[in-house]
2 protein chains.
Amino acid sequence: MDDSTLLSTISAALPKLKKSEAKVAKVILEDPDTATRSSIAVLAAAAGVSEPSVNRFCKRFGAGGFPDFKLRLAKSLVSGVRYMSRAVEMSDDVETYPGKLFDNTVNALVQARETLPTSAIAEAVDYLAQAKRLLFFGLGTSAAVAKDAEHKFFRFNVPVSTYEDPLMMRMMATSGGVADVFFFISHTGRTKVLVEAAAMARETGAIVISLTSANSALAKQSHCTIELAESENTEEYLPMTSRIVQLVIIDTLTTGVTLKHGEKLLPHLARIKESLQDTRFPSEEE
Amino acid sequence: MDDSTLLSTISAALPKLKKSEAKVAKVILEDPDTATRSSIAVLAAAAGVSEPSVNRFCKRFGAGGFPDFKLRLAKSLVSGVRYMSRAVEMSDDVETYPGKLFDNTVNALVQARETLPTSAIAEAVDYLAQAKRLLFFGLGTSAAVAKDAEHKFFRFNVPVSTYEDPLMMRMMATSGGVADVFFFISHTGRTKVLVEAAAMARETGAIVISLTSANSALAKQSHCTIELAESENTEEYLPMTSRIVQLVIIDTLTTGVTLKHGEKLLPHLARIKESLQDTRFPSEEE
DNA sequence: ATAATGATGTAATTTTGTAACATTCCGGTA
DNA sequence: TACCGGAATGTTACAAAATTACATCATTAT
C-alpha cells in the first residue's frame, strides 16, 4: 500500500531486471516527474522498448497497470527522500549534505531489504537462541556494532561479551566450547585477525556466525553467514552506510530470538526495563 | 505546482460551484482515495453527472485534464501521516518480521529527515571542528553510538575518547577545559549520570553538545543540542530505531567537519585508509 | 544443431478521455 | 405567458491510451 520508497526499490532491483525492463527503469529514474506525466507510448519510445514492456515493468513492481504505477510513482515523489545515491560534494552546505546522508542511508536499507538472506537469519536465530554463551567480535566501525549487539543480547539470560582487542579475541577464540556461539562482524570479511579468530573458534567446536560480505574469507570459516552486499564506498568523505544495515540485522536477530522464546520472556524484559528507572530523572510530564 | 491543499481548495470552493460540479466535488471529497483510482466514467456515474462535466470540473481546478487532476489529487493525499509503523507480532515468522524492522527503521529515518535541526547541526560542526580534544559519553545503547562516533572522529587529527563507565565519566567531566568538547548521547536525556556529568563539564568551561530529545534535562545543560524526537517504544520486543537516527546524525557531523576542513584533509584520510590495508587479506578479485 | 523456454514485440481490442455539437434550463423582457 | 439569449449540462463521435492475445525472436540446455 504505502510505497514511499518506490524509486529506491526500482533502483535496487535494477540489476535483476531484464534488458528491456532495465531500459524502462533507467528512463524513469532519470526523470521520474516527467514519467508521471507521460503516456505509456511516450515512455516506451523514450526507453526504446515496446508499450507492453512498459506495462509488464509496472506490474512487476506491484502496480495493477500503467496508470496505477504512475499514481504510485507520483505519490512516492512527494516525500522528500531522493532515490539515487547522491554523493556529498565539497561544495555542499548544511542545507544539503545532511539530507543526502539520510537519503543514502535510506537507500542502503531499502536495497538490503530487497535481498534479505532470510534462511541465514533463521538459522542464526536458531543458534543464538540455544547459545549458552555469546561472543561478539568486531574491529573498527564494526566494534561499535558488536557493542550494540552485546547490549541487545544481554537482555536474554545469556552471558554475552564483546572484544575489540585482537589479543583478547584470540584468547577467547581458543576458549570456545560446543555450547558457545561466536559472532563475527566485518564489512569486508577480510580482516586477518577476525578470520583467524573465527578459524580458531571453529576448531573448539563452537558455532561460528558471521555478518559479512558474501564469499569472503570470513564467510568461509563460518557455520552460518548472513551475507550483505559489499557496497563500494569510493569517496573518502562519504561515511559508510553498511554498519547501519548491520545494526538493523542485529535488531532482526534479537527480535527473532525474542519471538522464538515466546511470551515467557516478556516479564523478564519488563524487569530489566524497570531496573533502569532509578538511573533516570523523572520525565517532564510525570 | 505543489498542490498539497487541493482537497481543502475544493471544499472551500464548493458553494461557488455549479450544480453538477458540486456533485462531483462531493463524491471526491467523500472518498478521495477511491477517486484517484477511478476512471472518469465511474466517477461521473457515482456523481450522477456526465463525463465532460467531470472533465470541466478538473480543469476548473487548474488541471490539464482528468488524468492530471487525479495525479494532483493523489499527491495531495500523501501528506500527513503516511508512514505507518508496522509492529512486530508474536505470530510473525522469519518471512515477515525482518521486513517490518527494516520498514520501521526507514520510516524513522524519513521522519527524522523531514525535521532535521539544521542550525544545531551547523553549530555543533563549528564546535567540533575547532575542538582540541573530544569526549563522547553514552550509556547502554548510546554507548555503542558513542563508540561509533569515536571511530569516526578519530580520523581527524584530534584526541578522542569514549567512556561508558559512570565513574570515569565524572572524572573526565571535571578535567575539562575551554578547548574541549564534551558530546553526550542519550535517547531520553534523563539519564542521571549523563546530566550530572554534563553539568560538571560545563562548569570547567568546556563546550557541551548533546544529541538527545528536546527540552530534556540533558538538553538544558548543553551549549548546543541536536534535538531528536523521543519516539515511543511501547512494545518490549520492538527494538529502538532511535539509535539508527543518532548514528546518521553522527555521520552528518563527521561529514560536516570534513567539509569544513576542506580538501587539505583528504590526503590524511587516504593515509589512514592505506594503513588498514595490511590488516586485511587481499580481496578475491585482486 | 535443435528443441524448449522465456523475453520481447506486433497487432487487435477495449477502455478511457476529450472535443464538438446538441439540448436543456433559467432569467429577463415584451 | 410566451419567447429569447445565454449559460449549464448532456450526447455523440472521435482520438488517444492501455491491455490482452498472439507471434517472433533470442537464449540456453540437451
Side-chain angles (χ1 to χ4, degrees), chain A residues 3 6 9-76 114, chain B residues 3 6 10 12-77:
Chain A
D3 242 309
L6 183 62
T9 307
I10 293 174
S11 92
L14 235 169
K16 289 186 179 174
L17 292 177
K18 311 168 201 302
K19 249 182 292 178
S20 65
E21 288 177 336
K23 286 188 209 164
V24 178
K26 264 186 70 184
V27 172
I28 291 175
L29 289 173
E30 221 157 75
D31 189 353
D33 195 62
T34 301
T36 61
R37 278 181 268 101
S38 312
S39 75
I40 194 169
V42 172
L43 207 67
V49 299
S50 69
E51 299 180 20
S53 289
V54 176
N55 203 303
R56 283 188 279 261
F57 172 89
C58 297
K59 289 185 175 169
R60 171 175 283 263
F61 285 97
F66 183 70
D68 183 39
F69 178 84
K70 279 204 295 190
L71 227 60
R72 287 164 190 252
L73 186 59
K75 284 186 181 176
S76 80
E114 301 282 318
Chain B
D3 242 307
L6 184 59
I10 293 174
L14 234 170
K16 291 183 181 173
L17 293 177
K18 312 171 200 301
K19 249 181 295 179
S20 65
E21 289 178 337
K23 286 189 210 169
V24 178
K26 265 186 69 183
V27 172
I28 291 174
L29 289 173
E30 219 157 77
D31 188 352
D33 194 62
T34 301
T36 60
R37 276 180 271 103
S38 312
S39 74
I40 193 169
V42 172
L43 206 67
V49 299
S50 69
E51 299 178 23
S53 290
V54 176
N55 202 301
R56 282 188 278 261
F57 171 89
C58 296
K59 289 184 177 169
R60 170 174 285 262
F61 285 96
F66 183 70
D68 183 39
F69 178 84
K70 280 205 295 189
L71 226 62
R72 287 164 190 251
L73 186 58
K75 282 186 181 178
S76 79
L77 289 177

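Sequence lines set the chain letters: A, B, ... in the order given, protein chains first and strands last, and positions in each chain run from 1. These figures come from a predicted structure and were not determined experimentally.
Atom NZ of A:Lys70 is separated from atom P of C:dT16 by 14 Å (rounded to the nearest Å). Rounded to a whole Å, the CZ atom of A:Arg56 is 11 Å from the C1' atom of D:dT19. Per the geometry, CD belonging to B:Glu51 stands 12 Å off C1' belonging to D:dA13, to the nearest Å. Whole-Å rounding puts the A:Asp68 CG to D:dT19 C1' distance at 14 Å. Nucleotide C:dA19 holds its P atom 7 Å from the CG atom of B:Asn55, rounded to whole Å. One can place CZ of B:Arg37 at 18 Å from C1' of C:dT15, the figure rounded to the nearest angstrom. Counting to the nearest Å, the C1' atom of C:dA7 and the CD atom of A:Glu21 are 9 Å from each other. In this structure, A:Phe69 atom CZ and D:dA18 atom P are separated by 13 Å, rounded to whole Å.
Closest approach to the B:Ser20 side chain among D:dA17, C:dT8, D:dG10 is made by D:dG10 (side chain taken as heavy atoms from C-beta onward). Closest to the side chain of B:Phe66, from the set C:dG9, C:dT18, D:dG10, is C:dT18. Comparing C:dA7, D:dT9, C:dT18 by their closest approach to the side chain of A:Lys18 singles out C:dA7.
B:Pro52 comes within contact range of at least one nucleobase, with a heavy-atom separation under 4.0 Å. Across all strands, A:Lys59 comes closer than 4.0 Å only to sugar-phosphate atoms, never to a base (heavy-atom distances).
Using a 4.0 Å cut-off, no side-chain N or O of B:Ser39 falls inside it from OP1 or OP2 of C:dT15. At least one side-chain nitrogen or oxygen of A:Ser53 sits closer than 4.0 Å to the OP1 or OP2 atom of C:dG9.
Comparing A:Pro67 and A:Lys19 by the nucleotide of DNA chain D whose heavy atom lies nearest to each, the residue mapping closer to the 5' end is A:Pro67. Place B:Val49 and A:Ile40 on DNA chain D by their nearest nucleotides, and B:Val49 ends up nearer the 5' end.
Classified by interplanar angle (parallel below 30°, tilted 30° to 60°, perpendicular above 60°), the ring pair A:Phe61/A:Phe69 is tilted.
Evaluated for a side chain to side chain contact (heavy atoms under 4.5 Å, CB included) with B:Val24, the options B:Leu17, B:Ile10, B:Val54, B:Asn55 yield exactly one hit, B:Val54.
In this structure, A:Val27 and A:Leu29 have side chains that are not in contact, with every pair of non-hydrogen atoms separated by 4.5 Å or more.
Remark: side-chain polar atoms of B:Lys70 are not paired, donor with acceptor, to backbone N or O of B:Ser39 under 3.5 angstrom.
Salt bridge absent: B:Glu21 and B:Arg56 never bring a charged side-chain N and a carboxylate O closer than 4.0 Å.
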